Amino acid sequence: MGFNSQPVKGGYKNMTGIVEVSSNVPNSNTPAEWPGIISRFQLVILAAHRNKQLLLGAQPRIAADRLKRRNTSIALEELKRGLILFKPVAAEEAQSMA
């Protein structure tokens with residue numbers, strides 16, 4: 001039984017290749033839908049920071065029922081609408097940090 005195997009009737013089916021993950025984060029092939037976001041990692045860090053602010057009592061910048069929407073989804077929606085101000089990192093700086 002290999003790492004990329006899944007049980008199927010009559011044995012195991014090998015799964016090969018890379019699974020594509022659907023994402024709204026822009027890359028060179030898609031239009032920018034997330035203002036100022038240059039990578040998924042930056043999106044996660046910014047959303048986590050905003051989530052912490054919301055947990056500590058900051059008011060959401062969108063109309064959201066906190067009983068129906070969690071802070072993480074509120075933070076992501078605020079980022080997608082461009083309501084969260086942050087200092088964008090140039091692509092060259094981002095690569096030099098890695």
Side-chain angles (χ1 to χ4, degrees):
M1 179 181 341
F3 177 76
N4 292 326
S5 299
Q6 288 185 342
V8 293
K9 190 173 182 178
Y12 286 89
K13 178 182 177 186
N14 285 331
M15 301 296 290
T16 59
I18 298 173
V19 176
E20 289 188 27
V21 178
S22 175
S23 173
N24 289 332
V25 178
N27 59 31
S28 60
N29 300 329
T30 61
E33 295 179 21
W34 297 77
I37 305 294
I38 60 172
S39 73
R40 294 178 198 186
F41 306 107
Q42 181 188 27
L43 175 63
V44 170
I45 290 168
L46 290 170
H49 183 73
R50 180 62 180 151
N51 181 38
K52 187 174 183 179
Q53 290 176 341
L54 292 168
L55 283 171
L56 294 174
Q59 293 299 313
R61 296 180 181 175
I62 59 172
D65 183 2
R66 287 193 175 202
L67 297 176
K68 294 182 181 179
R69 294 188 71 179
R70 298 195 175 186
N71 288 337
T72 305
S73 66
I74 293 170
L76 288 169
E77 185 66 29
E78 290 175 344
L79 284 165
K80 188 170 186 177
R81 292 184 187 184
L83 300 174
I84 305 299
L85 300 177
F86 60 92
K87 181 181 175 185
V89 177
E92 296 83 30
E93 286 182 53
Q95 289 179 354
S96 67
M97 289 182 197

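What you see is a predicted model, and the numbers here were worked out from it, not measured in a lab.
The environment of CZ in Arg70 is sparse: at most 12 heavy-atom neighbours from other residues, nucleotides or ligands sit within 6.0 Å.
Interatomic distance, Leu76 CG to Asn71 CG, rounded to the nearest 0.5 Å: 11.0 Å. His49 NE2 to Ile45 CD1: the interatomic distance, rounded to the nearest 0.5 Å, is 11.5 Å. Atom CD of Glu78 sits about 10.0 Å away from atom CG of Asn51, to the nearest 0.5 Å.
Between Leu79 and Ile84 the shortest heavy-atom distance is CD2-CB, 3.8 Å. Contact between Gln42 and Gly36 at its shortest, heavy atoms only, is OE1-O, 3.5 Å. Between Gly82 and Pro35, the shortest heavy-atom contact is CA-CG, 3.8 Å. The shortest non-hydrogen separation linking Ile74 to Pro60 is CG2-CB, 3.9 Å.
Formation of a donor-acceptor pair under 3.5 Å by the Arg61 side chain with backbone atoms of Leu83 is found in this model. Judged purely by atom type and a 3.5 angstrom limit, Gln53 has no side-chain atom pairing as donor or acceptor with the backbone of Ala58.
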